[in-house]
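A short write-up of the structure that comes next.
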Protein chains: 2
Amino acid sequence: MKKISDSTIRRMSKYYRSLDQLIDKRVETVSSDTLAEMDGITSAQVRKDLSFFGTFGKRGFGYNTKALKKQIENILGLYRTWNVAIVGAGNIGRALTDYAEFKKQGFIIRLIMDRDKSKIGQQVRGLNIEDFNKVNDLVKDEQIDIAIIAVPADAAQAVADKLVTAGIKAILNFAPRSLKVPPDVTVKYENMAVEMEALSYFLSKKK
Amino acid sequence: MKKISDSTIRRMSKYYRSLDQLIDKRVETVSSDTLAEMDGITSAQVRKDLSFFGTFGKRGFGYNTKALKKQIENILGLYRTWNVAIVGAGNIGRALTDYAEFKKQGFIIRLIMDRDKSKIGQQVRGLNIEDFNKVNDLVKDEQIDIAIIAVPADAAQAVADKLVTAGIKAILNFAPRSLKVPPDVTVKYENMAVEMEALSYFLSKKK
DNA sequence: ATATATGTGTGAATTTTTTGACAATGACGA
DNA sequence: TCGTCATTGTCAAAAAATTCACACATATAT
Ligand SMILES: NC(=O)c1ccc[n+]([C@@H]2O[C@H](COP(=O)([O-])OP(=O)(O)OC[C@H]3O[C@@H](n4cnc5c(N)ncnc54)[C@H](O)[C@@H]3O)[C@@H](O)[C@H]2O)c1
Ligand SMILES: NC(=O)c1ccc[n+]([C@@H]2O[C@H](COP(=O)([O-])OP(=O)(O)OC[C@H]3O[C@@H](n4cnc5c(N)ncnc54)[C@H](O)[C@@H]3O)[C@@H](O)[C@H]2O)c1
């Protein structure tokens, strides 16, 4: 299969959510134009993105919302559930554990770990905070697919290394630090500081 | 000034954080190679990015870490503080209010608003939760520069509209929904679902 | 002083991404 | 059944982003 760009995947994920919205409103058919409108891009982009994976529309008609949603579900692997572990039971770690939407999307938080003795054993939304030292066993027992790093930046690389050793292949990192991982492991970033600073740039520029 | 791409700005923000790390370790000089290494990109990219804004290095020598940090500070507008308002005193809104790092970076949370009567008046880290209906006055009184949207997706566009009316020009949106705003307003997104689904795609592809 | 080594700054080349344009197709009404 | 209309799928063009590659500036050693 040809390599699909990251931007295309991101947009697929957005189409998926837009389709959900439409289906909620009982809309049965949608054009690339409408989909583009909803996501603030061009219709050519929508059609191009979809064309990497197949032909899902009918000419002169558009796309069936439910059918297209199902297709994207297959493409993105959302037809199944994924087991998620959170490392770091601080502010962000707890907020995420509490995030119900998450489960609805098929990402099930099975495990939350910390290294702080005073936190281990406490409950967060029915989950026991576990000892991160036992990460190898825990990841295996709970069959974790995806790990979320929510520890301070200084600890992030060390945590990532241990997750990789434990066999994790997919990481979402909330700490504002680039991680080095082997090529068969993917890391995505959620870096708020970057977005805030982009806003700062924008605001100072216009003066 | 020539239009600078968003990706360049994002990377500038990363260089800024990497420089911080180096300065912490008492490193006085850094090459584009090292900086690139730290952020997982190429050295040509680093030099190219910086070249959009000026010439900050010495040939054969590299960049002075402190001087370059200061330069980026000026470029991104981080030499000053920005007043931030949060809309939505739920899980994410509260976690953000509690996020100390934020203030250290010059983003000062002055205001947290909600529309839920039972929440208005409660305290979050010394801040009163205010009535979002009073957004116009509040934004003016507190001289808010940046608003963070942390309400359910369905409410996000309506909230954005009101923020725009109140004079806000920069928004960070945590709700998984594209926002329509006038051209003089910037919106950045923090969309976790997109990142998680990209990981899902990656995991299902390799099987 | 001079030579040498290092690493920047930058046009040019390359690659990637986005946009444009339109022939082809299917729905639908007469 | 045929004609009209809407909208896809895709090839080609344009634009944007990244990488290459090297002349040149500067630090340092001798
Ligand atoms: N709180 C926010 O709103 C927010 C927003 C954006 C980014 N972040 C980032 O997310 C990360 C976590 O932020 P937070 O506010 O939740 O921090 P926090 O201090 O509240 O929590 C961090 C947790 O990680 C644990 N920890 C530290 N080192 C560890 C290790 N080596 N192994 C296992 N656990 C360890 C700590 O015991 C603590 O419970 C930080 O990198 C922060 O920059 C936070
Ligand atoms: N919690 C998370 O970890 C998380 C992660 C990623 C994204 N998000 C997104 O962030 C947003 C907020 O999530 P949350 O978990 O904090 O939700 P939440 O339900 O805990 O909080 C939402 C808050 O917004 C308020 N609100 C609703 N409509 C409003 C309106 N029109 N005006 C003003 N206030 C209004 C509610 O009263 C509530 O206090 C959602 O869009 C969610 O998808 C949350």
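First the proteins, then the strands, lettered A, B, ... as listed; each starts at 1. Here the structure is a predicted model, which is why all the values come from computation and not from measurement.
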Review point. So, A:R115 and A:E130, do they make that salt bridge, N to O below 4.0 Å?
Key: no

Point to revise | Per B:R59 side chain, nearest of listed nucleotides C:dC28, D:dG9, D:dA23 | key: D:dA23

Revision key, fill the gap. Rounded to whole Å, NZ of B:K3 lies from P of D:dA15 at a distance of 16 Å

Exercise for review: Would you please classify the geometry between the B:F102 ring and the B:F107 ring as parallel, tilted or perpendicular, with 30° and 60° separating the classes?
Suggested key: tilted

Review point. Tell me: CZ of B:F61 to P of C:dT4, nearest whole Å?
Key: 22 Å

Study note, to complete from the structure: In short, B:S204 meets A:G77 closest at the heavy-atom pair OG-CA, 3.4 Å

**Study point:** N/O (side chain, B:R11) to phosphate O (OP1/OP2, D:dT18) under 4.0 Å
**Key:** yes

**Study point:** Heavy-atom pair of closest approach, residues A:R10 and A:D6
**Key:** NH1-OD2, 2.6 Å

Practice item. Round to the nearest Å and state the distance from A:Y63 atom OH to D:dT7 atom C1'. Key: 9 Å

**Study point:** Which residue lies more 5' along DNA chain C, comparing A:G60 with B:F56 via nearest heavy atoms
**Key:** B:F56

Review point. Contacts to DNA chain D from residues 14-50 of chain B, heavy-atom cutoff under 4.0 Å, which residues?
Key: B:T42, B:A44, B:Q45, B:R47, B:K48

Exercise for review: Starting from P on D:dT8, measure out to CZ on A:F53 and report it in whole angstrom.
Suggested key: 18 Å

Check your understanding: So, is the end of the B:K14 side chain (NZ or CZ) under 6.0 Å from the ring centre of A:Y189 and within 45° of the ring's axis?
Key -> yes

Check your understanding: Does a salt bridge link B:E73 with B:R80, judged by any charged N lying under 4.0 Å from a carboxylate O?
Key -> no

